[in-house]
Number of protein chains: 2
Amino acid sequence: MSDWEAPRVLLAVDLVILTVRGSSLQVLLVERGVEPFEGALALPGGFLRDVEEDIPAAARRELEEEAGLADEPHLEPLGVYGEPGRDPRGRVISVAHLAIAPRLPEPVAGTDAAQAWWKPVDDVLSGRLELAFDHRRIVADGVERARAKLEHSALATAFCGDTFTIAELQQVYEAVWGAQLDPRNFYRKVQAAPGFIVPAGDERRPGNGRPARLFRAGPTDSLNPPMVRSAQ
Amino acid sequence: MSDWEAPRVLLAVDLVILTVRGSSLQVLLVERGVEPFEGALALPGGFLRDVEEDIPAAARRELEEEAGLADEPHLEPLGVYGEPGRDPRGRVISVAHLAIAPRLPEPVAGTDAAQAWWKPVDDVLSGRLELAFDHRRIVADGVERARAKLEHSALATAFCGDTFTIAELQQVYEAVWGAQLDPRNFYRKVQAAPGFIVPAGDERRPGNGRPARLFRAGPTDSLNPPMVRSAQ
DNA sequence: CGAATAGTGTCTTTTAGACAATATGTT
DNA sequence: AACATATTGTCTAAAAGACACTATTCG
(Lines give C-alpha, C1' and ligand atoms only; values in the text may rest on other atoms or scores of the structure.)
Protein backbone atom coordinates (compact mmCIF):
# COMPACT_ATOMS: atom_id res chain seq x y z
CA MET A 1 0.00 0.00 0.00
CA SER A 2 3.02 2.27 0.37
CA ASP A 3 3.69 2.72 -3.34
CA TRP A 4 0.04 2.93 -4.15
CA GLU A 5 -1.22 6.28 -5.27
CA ALA A 6 -4.78 7.49 -5.06
CA PRO A 7 -6.37 8.13 -8.46
CA ARG A 8 -7.32 11.61 -9.54
CA VAL A 9 -10.58 12.61 -11.15
CA LEU A 10 -12.02 15.57 -13.00
CA LEU A 11 -14.47 17.63 -11.01
CA ALA A 12 -17.42 19.32 -12.66
CA VAL A 13 -20.23 21.46 -11.37
CA ASP A 14 -23.70 21.22 -12.91
CA LEU A 15 -26.69 23.43 -12.23
CA VAL A 16 -30.38 22.67 -12.07
CA ILE A 17 -31.81 26.17 -12.29
CA LEU A 18 -35.55 26.21 -11.75
CA THR A 19 -38.05 28.97 -12.22
CA VAL A 20 -41.78 29.34 -12.60
CA ARG A 21 -43.03 30.81 -15.84
CA GLY A 22 -46.70 31.09 -16.49
CA SER A 23 -48.07 28.16 -14.60
CA SER A 24 -45.29 25.71 -15.29
CA LEU A 25 -42.06 24.81 -13.57
CA GLN A 26 -39.15 25.29 -15.95
CA VAL A 27 -35.47 24.45 -16.02
CA LEU A 28 -32.65 26.25 -17.80
CA LEU A 29 -30.93 24.21 -20.49
CA VAL A 30 -28.02 25.03 -22.76
CA GLU A 31 -26.85 23.60 -26.05
CA ARG A 32 -23.52 21.87 -25.69
CA GLY A 33 -20.79 23.39 -27.81
CA VAL A 34 -18.23 20.59 -27.50
CA GLU A 35 -18.03 16.84 -27.59
CA PRO A 36 -19.32 14.66 -26.10
CA PHE A 37 -23.00 15.27 -26.82
CA GLU A 38 -22.17 18.30 -28.93
CA GLY A 39 -25.37 20.02 -29.96
CA ALA A 40 -27.46 18.24 -27.36
CA LEU A 41 -29.37 19.94 -24.57
CA ALA A 42 -27.70 19.83 -21.19
CA LEU A 43 -27.59 21.47 -17.81
CA PRO A 44 -25.34 24.50 -17.49
CA GLY A 45 -22.06 23.56 -15.87
CA GLY A 46 -18.38 22.99 -16.31
CA PHE A 47 -15.13 21.88 -14.81
CA LEU A 48 -13.46 23.41 -11.82
CA ARG A 49 -11.40 26.32 -13.11
CA ASP A 50 -8.34 25.52 -11.03
CA VAL A 51 -7.43 23.09 -8.31
CA GLU A 52 -7.95 25.67 -5.59
CA GLU A 53 -11.42 26.78 -6.60
CA ASP A 54 -14.09 26.25 -3.99
CA ILE A 55 -17.07 24.21 -5.14
CA PRO A 56 -19.76 26.72 -4.16
CA ALA A 57 -17.68 29.41 -5.85
CA ALA A 58 -17.51 27.35 -9.02
CA ALA A 59 -21.28 26.92 -8.90
CA ARG A 60 -21.81 30.67 -8.56
CA ARG A 61 -19.38 31.30 -11.37
CA GLU A 62 -21.24 28.97 -13.73
CA LEU A 63 -24.50 30.54 -12.63
CA GLU A 64 -23.26 33.86 -13.86
CA GLU A 65 -21.30 32.71 -16.94
CA GLU A 66 -23.88 30.35 -18.34
CA ALA A 67 -27.13 31.74 -17.07
CA GLY A 68 -26.41 35.41 -16.53
CA LEU A 69 -27.77 35.20 -13.00
CA ALA A 70 -25.43 37.26 -10.89
CA ASP A 71 -27.81 38.58 -8.28
CA GLU A 72 -27.57 35.93 -5.63
CA PRO A 73 -30.36 33.52 -6.32
CA HIS A 74 -30.93 30.63 -3.96
CA LEU A 75 -28.20 28.01 -4.46
CA GLU A 76 -27.69 24.73 -2.64
CA PRO A 77 -25.79 21.49 -3.24
CA LEU A 78 -27.94 18.74 -4.68
CA GLY A 79 -25.83 15.62 -5.05
CA VAL A 80 -22.90 13.87 -6.67
CA TYR A 81 -23.08 12.05 -9.96
CA GLY A 82 -20.03 10.18 -11.03
CA GLU A 83 -20.53 6.81 -12.65
CA PRO A 84 -17.41 5.59 -14.43
CA GLY A 85 -17.80 5.73 -18.18
CA ARG A 86 -20.18 8.63 -17.96
CA ASP A 87 -17.83 10.88 -19.92
CA PRO A 88 -15.24 9.84 -22.54
CA ARG A 89 -12.86 12.57 -21.38
CA GLY A 90 -12.03 10.59 -18.29
CA ARG A 91 -13.45 9.96 -14.87
CA VAL A 92 -15.67 12.92 -14.21
CA ILE A 93 -17.40 13.56 -10.92
CA SER A 94 -20.16 16.10 -11.17
CA VAL A 95 -21.40 18.00 -8.16
CA ALA A 96 -24.92 19.07 -9.00
CA HIS A 97 -26.46 22.16 -7.47
CA LEU A 98 -30.01 23.37 -7.25
CA ALA A 99 -30.63 27.04 -7.97
CA ILE A 100 -33.90 28.91 -7.87
CA ALA A 101 -34.39 31.89 -10.14
CA PRO A 102 -37.07 34.46 -9.49
CA ARG A 103 -39.75 35.00 -12.08
CA LEU A 104 -38.00 36.90 -14.85
CA PRO A 105 -39.75 39.54 -16.98
CA GLU A 106 -40.03 37.33 -20.06
CA PRO A 107 -36.76 37.07 -21.93
CA VAL A 108 -34.81 33.86 -21.82
CA ALA A 109 -31.57 34.10 -19.92
CA GLY A 110 -29.25 33.94 -22.91
CA THR A 111 -25.53 34.11 -22.39
CA ASP A 112 -21.89 33.58 -23.27
CA ALA A 113 -21.31 31.77 -26.51
CA ALA A 114 -23.91 29.05 -26.07
CA GLN A 115 -27.64 29.66 -26.09
CA ALA A 116 -29.93 28.92 -23.19
CA TRP A 117 -33.64 28.20 -22.95
CA TRP A 118 -36.20 27.71 -20.25
CA LYS A 119 -37.90 24.37 -20.80
CA PRO A 120 -40.81 22.85 -18.86
CA VAL A 121 -39.50 20.22 -16.47
CA ASP A 122 -42.38 17.99 -17.48
CA ASP A 123 -40.90 17.75 -20.97
CA VAL A 124 -37.61 16.63 -19.47
CA LEU A 125 -39.06 14.19 -16.96
CA SER A 126 -41.39 12.60 -19.48
CA GLY A 127 -38.54 12.10 -21.93
CA ARG A 128 -40.05 14.34 -24.62
CA LEU A 129 -36.77 16.24 -24.34
CA GLU A 130 -33.48 14.34 -24.50
CA LEU A 131 -30.65 15.56 -22.29
CA ALA A 132 -26.92 14.81 -22.40
CA PHE A 133 -25.20 12.51 -19.88
CA ASP A 134 -27.35 11.58 -16.90
CA HIS A 135 -28.81 15.06 -16.76
CA ARG A 136 -32.39 13.88 -16.85
CA ARG A 137 -31.85 12.06 -13.60
CA ILE A 138 -30.23 15.14 -12.08
CA VAL A 139 -33.18 17.28 -13.09
CA ALA A 140 -35.53 14.73 -11.57
CA ASP A 141 -33.62 14.84 -8.30
CA GLY A 142 -33.61 18.63 -8.31
CA VAL A 143 -37.34 18.84 -8.91
CA GLU A 144 -38.01 16.33 -6.18
CA ARG A 145 -35.80 18.32 -3.82
CA ALA A 146 -37.70 21.50 -4.62
CA ARG A 147 -41.07 19.79 -4.15
CA ALA A 148 -40.06 18.46 -0.77
CA LYS A 149 -38.51 21.70 0.43
CA LEU A 150 -41.60 23.71 -0.42
CA GLU A 151 -43.34 21.86 2.37
CA HIS A 152 -40.95 22.61 5.18
CA SER A 153 -38.90 25.60 4.13
CA ALA A 154 -39.42 29.07 2.75
CA LEU A 155 -37.91 28.05 -0.58
CA ALA A 156 -41.01 29.19 -2.47
CA THR A 157 -40.13 32.83 -1.87
CA ALA A 158 -36.92 32.33 -3.86
CA PHE A 159 -39.13 31.84 -6.94
CA CYS A 160 -40.67 35.26 -6.42
CA GLY A 161 -39.34 38.75 -6.84
CA ASP A 162 -38.42 40.94 -3.93
CA THR A 163 -42.07 41.61 -3.19
CA PHE A 164 -44.96 39.41 -4.19
CA THR A 165 -48.62 38.79 -3.62
CA ILE A 166 -49.98 35.73 -1.91
CA ALA A 167 -51.59 34.71 -5.18
CA GLU A 168 -48.17 34.76 -6.84
CA LEU A 169 -46.76 32.62 -4.07
CA GLN A 170 -49.63 30.21 -4.58
CA GLN A 171 -48.80 29.97 -8.28
CA VAL A 172 -45.33 28.84 -7.27
CA TYR A 173 -46.72 26.05 -5.12
CA GLU A 174 -49.13 25.02 -7.83
CA ALA A 175 -46.48 24.97 -10.54
CA VAL A 176 -43.92 23.06 -8.50
CA TRP A 177 -46.36 20.60 -7.02
CA GLY A 178 -48.49 20.36 -10.12
CA ALA A 179 -51.64 20.63 -8.03
CA GLN A 180 -54.48 23.07 -7.49
CA LEU A 181 -54.83 24.74 -4.12
CA ASP A 182 -57.74 26.61 -2.56
CA PRO A 183 -56.80 30.33 -2.54
CA ARG A 184 -58.69 31.05 0.67
CA ASN A 185 -57.17 28.27 2.69
CA PHE A 186 -53.76 28.97 1.16
CA TYR A 187 -54.07 32.59 2.17
CA ARG A 188 -54.43 31.75 5.83
CA LYS A 189 -51.99 28.86 5.69
CA VAL A 190 -48.98 30.87 4.54
CA GLN A 191 -49.65 33.48 7.19
CA ALA A 192 -49.95 30.86 9.91
CA ALA A 193 -46.26 30.00 9.67
CA PRO A 194 -44.52 32.74 11.66
CA GLY A 195 -41.72 34.47 9.79
CA PHE A 196 -42.50 32.90 6.43
CA ILE A 197 -43.69 36.11 4.79
CA VAL A 198 -44.02 39.64 6.15
CA PRO A 199 -46.19 42.49 4.83
CA ALA A 200 -44.44 45.05 2.65
CA GLY A 201 -46.60 48.02 3.56
CA ASP A 202 -48.85 49.38 0.84
CA GLU A 203 -50.77 47.67 -1.93
CA ARG A 204 -50.16 46.96 -5.58
CA ARG A 205 -50.64 44.45 -8.36
CA PRO A 206 -53.85 46.01 -9.63
CA GLY A 207 -54.93 42.98 -11.61
CA ASN A 208 -58.49 42.67 -12.80
CA GLY A 209 -60.04 42.81 -9.35
CA ARG A 210 -59.14 44.15 -5.96
CA PRO A 211 -55.42 44.95 -5.73
CA ALA A 212 -53.47 42.53 -3.61
CA ARG A 213 -51.35 43.26 -0.58
CA LEU A 214 -47.62 42.87 -1.08
CA PHE A 215 -45.31 40.73 1.01
CA ARG A 216 -41.65 39.93 1.12
CA ALA A 217 -39.71 36.93 2.40
CA GLY A 218 -39.64 36.71 6.18
CA PRO A 219 -36.73 35.94 8.46
CA THR A 220 -37.28 32.23 9.07
CA ASP A 221 -36.47 29.45 6.65
CA SER A 222 -38.12 26.62 8.52
CA LEU A 223 -41.91 26.44 8.19
CA ASN A 224 -43.93 25.54 11.21
CA PRO A 225 -46.61 24.42 10.74
CA PRO A 226 -45.50 23.09 7.35
CA MET A 227 -47.34 23.48 4.08
CA VAL A 228 -48.69 20.04 3.28
CA ARG A 229 -49.39 18.68 -0.13
CA SER A 230 -52.38 16.42 0.32
CA ALA A 231 -51.65 12.76 -0.31
CA GLN A 232 -52.79 13.01 -3.94
CA MET B 1 -9.26 27.94 -23.46
CA SER B 2 -7.84 25.37 -25.89
CA ASP B 3 -4.60 24.71 -24.03
CA TRP B 4 -6.32 24.88 -20.69
CA GLU B 5 -6.59 21.63 -18.82
CA ALA B 6 -9.13 20.85 -16.14
CA PRO B 7 -7.57 20.22 -12.73
CA ARG B 8 -7.72 16.82 -11.13
CA VAL B 9 -8.63 16.12 -7.52
CA LEU B 10 -8.43 13.23 -5.09
CA LEU B 11 -11.72 11.55 -4.37
CA ALA B 12 -12.49 10.11 -0.97
CA VAL B 13 -15.50 8.35 0.48
CA ASP B 14 -16.46 8.88 4.13
CA LEU B 15 -19.10 7.07 6.10
CA VAL B 16 -21.46 8.25 8.80
CA ILE B 17 -22.59 4.92 10.22
CA LEU B 18 -25.36 5.33 12.74
CA THR B 19 -26.88 2.83 15.10
CA VAL B 20 -29.00 2.88 18.22
CA ARG B 21 -27.46 1.34 21.32
CA GLY B 22 -29.30 1.44 24.59
CA SER B 23 -31.26 4.62 24.30
CA SER B 24 -28.68 6.68 22.47
CA LEU B 25 -27.87 7.33 18.84
CA GLN B 26 -24.28 6.40 18.14
CA VAL B 27 -21.81 6.81 15.31
CA LEU B 28 -18.89 4.61 14.36
CA LEU B 29 -15.50 6.28 14.65
CA VAL B 30 -12.01 5.00 13.90
CA GLU B 31 -8.58 6.09 14.99
CA ARG B 32 -6.57 7.49 12.10
CA GLY B 33 -3.40 5.53 11.42
CA VAL B 34 -1.68 8.04 9.13
CA GLU B 35 -1.08 11.75 8.87
CA PRO B 36 -2.78 14.11 8.81
CA PHE B 37 -4.63 13.88 12.13
CA GLU B 38 -2.80 10.64 12.98
CA GLY B 39 -4.21 9.24 16.19
CA ALA B 40 -7.33 11.40 16.06
CA LEU B 41 -10.87 10.10 15.83
CA ALA B 42 -12.41 10.23 12.39
CA LEU B 43 -15.14 8.80 10.23
CA PRO B 44 -14.33 5.55 8.45
CA GLY B 45 -13.41 6.21 4.85
CA GLY B 46 -10.70 6.34 2.28
CA PHE B 47 -9.69 7.18 -1.23
CA LEU B 48 -11.12 5.65 -4.33
CA ARG B 49 -9.16 2.47 -4.98
CA ASP B 50 -8.74 3.04 -8.68
CA VAL B 51 -10.01 5.48 -11.23
CA GLU B 52 -12.71 3.11 -12.42
CA GLU B 53 -14.23 2.36 -9.06
CA ASP B 54 -17.87 3.32 -8.68
CA ILE B 55 -18.62 5.64 -5.76
CA PRO B 56 -21.35 3.49 -4.17
CA ALA B 57 -19.04 0.49 -4.58
CA ALA B 58 -16.26 2.34 -2.79
CA ALA B 59 -18.67 3.18 0.02
CA ARG B 60 -19.70 -0.46 0.38
CA ARG B 61 -16.05 -1.52 0.33
CA GLU B 62 -15.16 0.88 3.14
CA LEU B 63 -18.23 -0.24 5.01
CA GLU B 64 -16.89 -3.76 5.00
CA GLU B 65 -13.19 -3.02 5.42
CA GLU B 66 -13.44 -0.47 8.16
CA ALA B 67 -16.63 -1.40 9.91
CA GLY B 68 -17.03 -5.07 9.22
CA LEU B 69 -20.55 -4.51 7.99
CA ALA B 70 -20.95 -6.70 4.96
CA ASP B 71 -24.61 -7.60 5.20
CA GLU B 72 -26.20 -4.83 3.21
CA PRO B 73 -27.14 -2.16 5.66
CA HIS B 74 -28.98 0.90 4.45
CA LEU B 75 -26.58 3.15 2.54
CA GLU B 76 -27.27 6.47 0.83
CA PRO B 77 -25.24 9.43 -0.40
CA LEU B 78 -25.17 12.31 2.03
CA GLY B 79 -23.19 15.14 0.49
CA VAL B 80 -19.91 16.46 -0.83
CA TYR B 81 -17.28 18.10 1.31
CA GLY B 82 -14.34 19.58 -0.46
CA GLU B 83 -13.05 22.90 0.77
CA PRO B 84 -9.59 23.64 -0.57
CA GLY B 85 -6.96 23.34 2.11
CA ARG B 86 -8.97 20.75 3.96
CA ASP B 87 -6.23 18.14 3.55
CA PRO B 88 -2.48 18.75 3.17
CA ARG B 89 -2.17 15.85 0.74
CA GLY B 90 -3.79 17.92 -1.97
CA ARG B 91 -7.26 18.87 -3.10
CA VAL B 92 -9.49 16.19 -1.67
CA ILE B 93 -13.17 15.92 -2.39
CA SER B 94 -15.00 13.67 0.02
CA VAL B 95 -18.30 12.10 -0.84
CA ALA B 96 -19.98 11.39 2.47
CA HIS B 97 -22.49 8.58 2.83
CA LEU B 98 -25.03 7.80 5.49
CA ALA B 99 -25.28 4.18 6.60
CA ILE B 100 -27.64 2.71 9.14
CA ALA B 101 -26.55 -0.34 11.11
CA PRO B 102 -29.04 -2.54 12.88
CA ARG B 103 -28.80 -2.94 16.62
CA LEU B 104 -25.78 -5.20 17.13
CA PRO B 105 -25.54 -7.74 19.93
CA GLU B 106 -23.08 -5.75 22.05
CA PRO B 107 -19.56 -5.98 20.69
CA VAL B 108 -18.05 -2.98 18.99
CA ALA B 109 -17.52 -3.40 15.28
CA GLY B 110 -13.75 -3.73 15.41
CA THR B 111 -11.84 -4.24 12.21
CA ASP B 112 -8.84 -4.21 9.96
CA ALA B 113 -5.73 -2.67 11.46
CA ALA B 114 -7.34 0.35 13.04
CA GLN B 115 -9.73 0.20 15.94
CA ALA B 116 -13.32 1.34 15.84
CA TRP B 117 -15.76 2.48 18.49
CA TRP B 118 -19.39 3.41 18.74
CA LYS B 119 -19.64 6.88 20.23
CA PRO B 120 -22.80 8.82 21.16
CA VAL B 121 -23.50 11.43 18.51
CA ASP B 122 -24.26 13.89 21.28
CA ASP B 123 -20.62 13.76 22.34
CA VAL B 124 -19.58 14.59 18.79
CA LEU B 125 -22.14 17.32 18.21
CA SER B 126 -21.48 19.01 21.54
CA GLY B 127 -17.75 19.04 20.87
CA ARG B 128 -16.89 16.81 23.83
CA LEU B 129 -15.27 14.60 21.22
CA GLU B 130 -12.87 16.10 18.69
CA LEU B 131 -12.93 14.73 15.16
CA ALA B 132 -10.43 15.04 12.33
CA PHE B 133 -11.02 17.28 9.29
CA ASP B 134 -14.55 18.64 9.01
CA HIS B 135 -15.98 15.36 10.21
CA ARG B 136 -18.02 16.91 12.97
CA ARG B 137 -19.98 18.86 10.41
CA ILE B 138 -20.48 15.71 8.34
CA VAL B 139 -21.81 13.84 11.36
CA ALA B 140 -24.16 16.75 12.08
CA ASP B 141 -25.48 16.61 8.52
CA GLY B 142 -25.91 12.84 8.72
CA VAL B 143 -27.81 13.02 11.97
CA GLU B 144 -30.04 15.75 10.63
CA ARG B 145 -30.71 13.68 7.52
CA ALA B 146 -31.65 10.69 9.65
CA ARG B 147 -33.92 12.79 11.86
CA ALA B 148 -35.72 14.21 8.87
CA LYS B 149 -36.07 10.90 7.07
CA LEU B 150 -37.59 9.20 10.08
CA GLU B 151 -40.61 11.40 9.55
CA HIS B 152 -41.36 10.56 5.97
CA SER B 153 -39.62 7.29 5.21
CA ALA B 154 -39.31 3.83 6.64
CA LEU B 155 -35.66 4.45 7.55
CA ALA B 156 -36.28 3.56 11.18
CA THR B 157 -36.64 -0.10 10.30
CA ALA B 158 -33.03 -0.08 9.07
CA PHE B 159 -31.98 0.45 12.69
CA CYS B 160 -33.77 -2.74 13.72
CA GLY B 161 -33.04 -6.38 13.13
CA ASP B 162 -34.96 -8.47 10.67
CA THR B 163 -37.89 -8.65 13.05
CA PHE B 164 -38.67 -6.22 15.80
CA THR B 165 -41.34 -5.15 18.23
CA ILE B 166 -43.13 -1.85 18.05
CA ALA B 167 -41.50 -0.86 21.33
CA GLU B 168 -38.09 -1.40 19.74
CA LEU B 169 -39.07 0.73 16.80
CA GLN B 170 -40.18 3.40 19.23
CA GLN B 171 -36.80 3.32 20.93
CA VAL B 172 -35.25 4.10 17.56
CA TYR B 173 -37.44 7.15 17.13
CA GLU B 174 -36.75 8.27 20.67
CA ALA B 175 -32.99 7.86 20.34
CA VAL B 176 -32.74 9.58 16.98
CA TRP B 177 -35.10 12.40 17.80
CA GLY B 178 -34.04 12.69 21.40
CA ALA B 179 -37.63 12.90 22.52
CA GLN B 180 -40.11 10.82 24.48
CA LEU B 181 -43.14 9.40 22.70
CA ASP B 182 -46.36 7.97 24.03
CA PRO B 183 -46.24 4.19 23.45
CA ARG B 184 -49.99 3.90 22.94
CA ASN B 185 -50.25 6.61 20.32
CA PHE B 186 -47.02 5.44 18.71
CA TYR B 187 -48.44 1.95 18.45
CA ARG B 188 -51.38 3.09 16.38
CA LYS B 189 -49.40 5.64 14.45
CA VAL B 190 -46.88 3.23 12.96
CA GLN B 191 -49.65 0.91 11.92
CA ALA B 192 -51.62 3.71 10.31
CA ALA B 193 -49.01 4.12 7.57
CA PRO B 194 -49.80 1.32 5.08
CA GLY B 195 -46.82 -0.83 4.21
CA PHE B 196 -44.51 0.62 6.86
CA ILE B 197 -44.39 -2.53 8.98
CA VAL B 198 -46.06 -5.89 8.53
CA PRO B 199 -46.76 -8.55 11.19
CA ALA B 200 -44.30 -11.42 11.35
CA GLY B 201 -46.72 -14.06 12.62
CA ASP B 202 -46.24 -15.29 16.16
CA GLU B 203 -45.11 -13.53 19.29
CA ARG B 204 -41.80 -13.09 21.11
CA ARG B 205 -39.61 -10.74 23.08
CA PRO B 206 -40.85 -12.01 26.45
CA GLY B 207 -39.63 -9.00 28.40
CA ASN B 208 -40.94 -8.34 31.86
CA GLY B 209 -44.57 -8.05 30.86
CA ARG B 210 -46.78 -9.28 28.11
CA PRO B 211 -44.71 -10.52 25.15
CA ALA B 212 -44.85 -8.25 22.15
CA ARG B 213 -45.92 -9.06 18.63
CA LEU B 214 -43.15 -9.14 16.05
CA PHE B 215 -43.06 -7.15 12.84
CA ARG B 216 -40.76 -6.78 9.90
CA ALA B 217 -40.16 -3.93 7.46
CA GLY B 218 -43.01 -3.51 5.01
CA PRO B 219 -42.86 -2.92 1.27
CA THR B 220 -43.23 0.85 1.15
CA ASP B 221 -40.49 3.35 1.91
CA SER B 222 -42.65 6.46 1.86
CA LEU B 223 -44.74 7.03 4.99
CA ASN B 224 -48.24 8.33 4.60
CA PRO B 225 -49.40 9.75 6.92
CA PRO B 226 -45.94 10.72 8.13
CA MET B 227 -44.63 10.34 11.65
CA VAL B 228 -44.42 13.86 13.01
CA ARG B 229 -42.06 15.07 15.65
CA SER B 230 -43.99 17.70 17.55
CA ALA B 231 -42.59 21.19 17.14
CA GLN B 232 -40.44 20.90 20.27
C1' DC C 1 -73.56 48.63 -11.67
C1' DG C 2 -71.23 44.18 -12.86
C1' DA C 3 -67.12 41.58 -13.26
C1' DA C 4 -63.14 40.03 -11.08
C1' DT C 5 -59.96 39.09 -7.69
C1' DA C 6 -58.63 39.89 -2.52
C1' DG C 7 -59.48 38.73 1.93
C1' DT C 8 -62.54 36.93 6.17
C1' DG C 9 -65.73 33.81 8.66
C1' DT C 10 -67.65 29.56 9.64
C1' DC C 11 -68.76 24.88 9.56
C1' DT C 12 -67.44 19.88 9.11
C1' DT C 13 -64.30 16.27 9.01
C1' DT C 14 -59.96 14.50 10.15
C1' DT C 15 -56.10 14.01 12.94
C1' DA C 16 -53.00 14.44 17.11
C1' DG C 17 -52.44 13.75 21.81
C1' DA C 18 -53.80 12.60 26.58
C1' DC C 19 -54.89 8.96 29.14
C1' DA C 20 -58.26 5.05 31.01
C1' DA C 21 -58.99 0.38 30.48
C1' DT C 22 -58.08 -4.27 29.28
C1' DA C 23 -54.93 -8.31 27.87
C1' DT C 24 -51.32 -11.48 28.63
C1' DG C 25 -47.34 -12.81 29.91
C1' DT C 26 -43.51 -13.55 34.21
C1' DT C 27 -42.26 -14.33 39.03
C1' DA D 1 -51.72 -12.79 43.20
C1' DA D 2 -48.63 -8.84 42.07
C1' DC D 3 -46.30 -6.82 38.51
C1' DA D 4 -44.88 -5.28 34.06
C1' DT D 5 -45.46 -4.39 29.55
C1' DA D 6 -48.57 -4.85 25.28
C1' DT D 7 -52.64 -3.58 23.01
C1' DT D 8 -57.17 -1.40 22.57
C1' DG D 9 -60.59 2.28 23.45
C1' DT D 10 -62.24 6.82 24.24
C1' DC D 11 -62.32 11.58 24.82
C1' DT D 12 -60.70 16.32 23.66
C1' DA D 13 -58.34 19.83 21.29
C1' DA D 14 -56.27 21.29 17.17
C1' DA D 15 -55.80 21.36 12.37
C1' DA D 16 -57.27 20.67 7.37
C1' DG D 17 -60.50 21.45 3.96
C1' DA D 18 -64.92 22.97 1.87
C1' DC D 19 -67.15 26.85 0.86
C1' DA D 20 -70.37 31.16 1.78
C1' DC D 21 -69.61 35.73 2.34
C1' DT D 22 -67.72 40.50 2.39
C1' DA D 23 -64.31 44.04 0.43
C1' DT D 24 -62.22 46.75 -3.06
C1' DT D 25 -60.86 47.92 -7.34
C1' DC D 26 -61.64 48.59 -12.68
C1' DG D 27 -64.36 49.38 -16.66
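Reminder, nothing fancy here: chain letters follow the sequence lines and each chain counts from 1. Since we're looking at a predicted model, the values are computed, not measured.
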I want to confirm an ordering. Mapping A:Gly209 and B:Arg188 to their closest nucleotides on DNA chain D, which one lands closer to the 5' end? B:Arg188
Residue whose nearest DNA chain D nucleotide is more 5′ - A:Lys189 or B:Asn185: B:Asn185
Any ion pair linking [Y] and [X] (charged N to carboxylate O, less than 4.0 Å)?
| X | Y | value |
| --- | --- | --- |
| A:Glu76 | A:Lys149 | yes |
| A:Arg205 | A:Glu168 | yes |
| B:Glu72 | B:Arg60 | no |

Decide whether B:Tyr187 and B:Asp182 meet the rule of one side-chain donor and one side-chain acceptor closer than 3.5 Å. no
Between [atom2] of [N] and [atom1] of [X], the distance in whole Å:
| X | N | atom1 | atom2 | value |
| --- | --- | --- | --- | --- |
| B:Phe186 | C:dA18 | CZ | P | 15 Å |
| B:Asn224 | C:dT15 | CG | C1' | 13 Å |
| B:Arg184 | C:dG17 | CZ | C1' | 10 Å |
| B:Gln180 | C:dA18 | CD | P | 12 Å |
| A:Ile166 | C:dT8 | CD1 | C1' | 12 Å |
| A:Met227 | D:dA15 | CE | P | 15 Å |
| B:Leu214 | D:dT5 | CG | P | 17 Å |
| B:Gln170 | D:dT7 | CD | P | 12 Å |

Just checking [X]: base, sugar-phosphate only, or nothing, at a heavy-atom cut-off of under 4.0 Å?
| X | result |
| --- | --- |
| B:Arg213 | sugar-phosphate |
| B:Pro206 | nothing |
| A:Ala192 | nothing |

Looking at the side chain of A:Asp182, which of D:dC19, C:dG7, C:dC19 is the nearest nucleotide? D:dC19
Checking only heavy atoms, does the side chain of B:Arg210 share a donor-acceptor pair with the base of C:dA23 at less than 3.5 Å? yes
Might you point out which heavy atoms bring B:Ala217 and B:Phe164 nearest each other, and give the distance in Å? N-CE2, 3.6 Å
Assign each of B:Pro225 and A:Pro211 to its nearest nucleotide of DNA chain C by heavy atoms, then name whichever residue's nucleotide is nearer the 5' end. A:Pro211
Under 4.0 Å from OP1 or OP2 of D:dT5: is there any side-chain N or O of B:Asn208 that close? yes
